[in-house]
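The chains referred to below are lettered A, B, ... by the order of the sequence lines, with proteins before strands, and numbering in each begins at 1. All values below come from the heavy atoms of this structure, side chains included, with hydrogens, waters and symmetry mates left out.
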Amino acid sequence: MVRSMSDLALLVPELILAGMALALILAARRIQETPVAVIGTVLASMAAALASGWVLSWGAKTGFGGMITVDGYSQFFKVLIAATLALAALLSERSLDGEQVPRAEYHALLLLASTGMMLAVSSRDLVPLWLGLELMTLCSYILVGIRVERPASNEAAIKYFLLGSFASAVLVYGISLTYGVTGTTDFAGIASVLSKHGSGSNLLLLAAIGLVAAGLAFKIAAVPMHAWAPDAYQGASAPVAAFLAAGSKAVGLAALGRVCLAVFGSEARVFSVILAVLAGLSIVVGSILALSQTDMKRLLAYSSIAHAGYALLGLIAGTAEGASATMTYAFFYVFMTLGTFGVVAALGERGEKLDGYRGLAAQRPGIALLMLLFLMSLTGIPPTAGFAAKFVVILSAVRAGHIALAVLAVACSVVSAFFYMRVAVLMYMNAPKEPAPSRFPGPVFAALAVAALVTLIGGISPGSLAPWTAPP
Amino acid sequence: MNEYIGIAVSFVLAGGIAAAMVALGSTLGKKNPTSEKLAPFECGNEPFSLPMGRLAIKFYLTAILFILFDVELVFLYPWAVVYRALGSVGLVEMGVFLGVLMVGFVYAWDNGALKWQ
């Protein structure tokens with residue numbers, strides 16, 4: 001129940017996105033062949049980003065009986081989610097043209113998924129957190145399978161749905177055990193109960209922590225909860241894969257960060273062991289399995305698994321600085337991965353296979369240069385944002401005393417250079433086999449330009465993000 | 001634990017009677033099998049068939065639309081019980097909720113889900 005209008009004001013960004021989604025659904029049949037849907041989505045995302053800043057400008061506060069909070073942490077991720085939504089909508093222009101995908105419904109689903117993401121990052125209670133994540137995942141299942149005439153797309157959607165609903169069940173089981181141990185689902189309430197009684201050897205609590213961590217690890221595709229990512233990304237169209245890789249990962253990291261620091265802060269030792277295992281496995285398995293891929297989207301899926309591991313390095317420390325490092329990583333990772341997937345999407349069928357990149361530099365030097373920039377950033381080569389991001393998380397792991405993990409991360413970075421730079425070699429040192437790709441549409445180019453700009457600025461002045469990375 | 005003893009007794013009794021009937025029937029009864037008799041009994045239905053049968057997708061759409069109103073009713077009942085306590089805010093909230101549900105219905109209607117052809 002709404003106690004006052006000021007409660008509703010906390011949810012203005014979410015309401016903007018949901019309202020636009022409903023409007024698009026109502027008008028769906030009339031705007032199918034027009035650019036109304038993409039314009040509406042981009043405008044709604046901008047309005048939501050502005051609104052999240054506007055709401056925070058009254059000061060951090062909570063509403064809905066302490067379930068929803070507006071603070072620097074949630075605002076940071078809301079702006080990131082809005083940017084992901086806008087770029088994914090712009091990048092979809094090319095791939096929607098060739099497919100039998102209803103535009104209005106597609107953009108409405110993107111908007112609703114983003115609504116769920118925003119709700120999840122501003123939750124201060126396990127129940128709305130789960131609700132937001134569920135809204136995001138339910139829309140993602142449909143988005144993955146929205147190219148209904150393609151068997152690969154259907155297969156990907158079914159696999160993602162089965163594994164995803166299992167992971168949701170695991171998460172909700174962890175939430176119910178947490179409630180059983182502490183008697184509340186409120187973050188502050190759980191933290192105060194745990195700090196008063198201490199956990200000691202409470203097996204139920206350990207199981208609850210493990211299950212919650214596993215459920216959230218699925219959202220960021222960390223090993224061993226990663227198996228869905230390559231299949232889902234390969235079957236989905238490239239912009240949807242970009243939206244999943246960027247948005248789902250950022251939200252999963254945001255939720256893990258809040259749960260790790262604000263809920264199980266007193267259990268930091270248990271949590272940091274879990275996160276260290278997840279991070280180490282993700283980095284190693286992601287980097288090694290990416291070596292043998294010939295499908296570009298599968299390669300990027302394994303790369304995103306490895307990046308989930310790097311991002312977790314910040315959270316292992318269980319400190320505010322560590323959480324800030326992970327926030328920085330999530331921010332830059334979103335833009336470089338959207339850029340890479342954007343080039344893949346814009347190249348159409350040719351971009352799906354690794355061989356399609358042969359000789360791209362000779363045919364389209366500008367596009368090849370953009371791709372090279374994003375690949376360098378994913379590898380972590382200065383002066384790109386990827387280097388700055390990797391630097392802060394590895395530094396955070398070293399400060400937390402995880403020297404071995406830091407060495408492993410650096411070593412796997414070198415391994416990852418092999419498969420990222422293989423694409424660069426194909427682009428620059430091979431003769432083209434296929435006809436030159438047609439000119440990119442304006443919206444796609446605009447999105448790529450924004451992603452490239454953030455990637456460059458992040459590399460040149462890595463500290464520019466520091467004022468915004470407020471830990472929970 | 002005492003209240004569970006009755007349940008345990010009825011479990012044992014029911015299981016015992018059923019087991020005794022099956023045991024008596026299979027030991028004392030005459031056996032004169034035909035293929036009809038050996039088939040599993042399922043009230044005249046074909047007990048086992050491959051999922052090859054076709055069903056018009058129209059039924060599925062209608063069922064989905066029914067769920068929309070079903071969900072609406074599930075929320076309207078408890079709302080009606082506490083209507084006075086919620087006051088006008090509750091009325092507005094329920095109006096918004098029904099509005100959002102109806103957007104889905106209008107979408108389905110608009111796209112021809114109710115045309116029976």
Side-chain angles (χ1 to χ4, degrees), chain A residues 1-12 14-34 36-37 40 44 63-65 67-68 100-112 115-116 119 131 134-135 138-139 141-142 146 148-149 154 158, chain B residues 1 4 50-117:
Chain A
M1 185 185 146
V2 179
R3 291 198 173 76
S4 68
M5 291 313 278
S6 66
D7 273 358
L8 271 183
L10 298 181
L11 288 182
V12 169
E14 284 88 344
L15 290 174
I16 291 173
L17 294 186
M20 181 55 81
L22 290 180
L24 288 184
I25 289 172
L26 267 181
R29 221 158 62 85
R30 284 153 204 88
I31 57 172
Q32 218 57 275
E33 299 302 322
T34 64
V36 171
F64 293 97
M67 283 191 170
I68 299 294
Q100 303 259 322
V101 174
R103 276 165 186 265
E105 286 90 330
Y106 175 85
H107 286 101
L109 284 167
L110 281 182
L111 282 162
L112 286 176
T115 312
L119 189 65
L131 188 71
E134 230 13 39
L135 179 56
L138 283 175
C139 296
Y141 300 145
I142 309 175
I146 203 161
V148 278
E149 75 282 8
N154 291 332
I158 287 285
Chain B
M1 283 319 269
Y4 288 105
L50 291 170
M52 300 285 223
R54 294 179 133 201
L55 195 71
I57 198 80
K58 296 181 284 195
F59 294 110
Y60 174 75
L61 269 179
T62 315
I64 286 276
L65 286 181
F66 163 72
I67 287 178
L68 210 62
F69 292 99
D70 214 26
V71 169
E72 190 173 325
L73 211 63
V74 165
F75 279 96
L76 276 174
Y77 262 115
W79 172 75
V81 172
V82 292
Y83 176 74
R84 276 176 209 286
L86 291 177
S88 57
V89 179
L91 185 66
V92 173
E93 278 185 336
M94 189 44 84
V96 171
F97 172 68
L98 295 187
V100 172
L101 267 185
M102 280 307 108
V103 168
F105 182 65
V106 168
Y107 169 76
W109 195 348
D110 201 24
N111 284 273
L114 292 179
K115 280 190 195 133
W116 196 268
Q117 48 194 270

Using non-hydrogen atoms and a limit below 4.5 Å, what part of residues 97-105 of chain B faces chain A? B:Val100, B:Val103
Restricting to non-hydrogen atoms, name the atom on B:Asp110 and the atom on A:Arg29 that form the minimum distance, rounded to 0.1 Å. O-NE, 2.9 Å
Neighbour count above 12 (heavy atom, 6.0 Å) for A:Glu33 CD: no
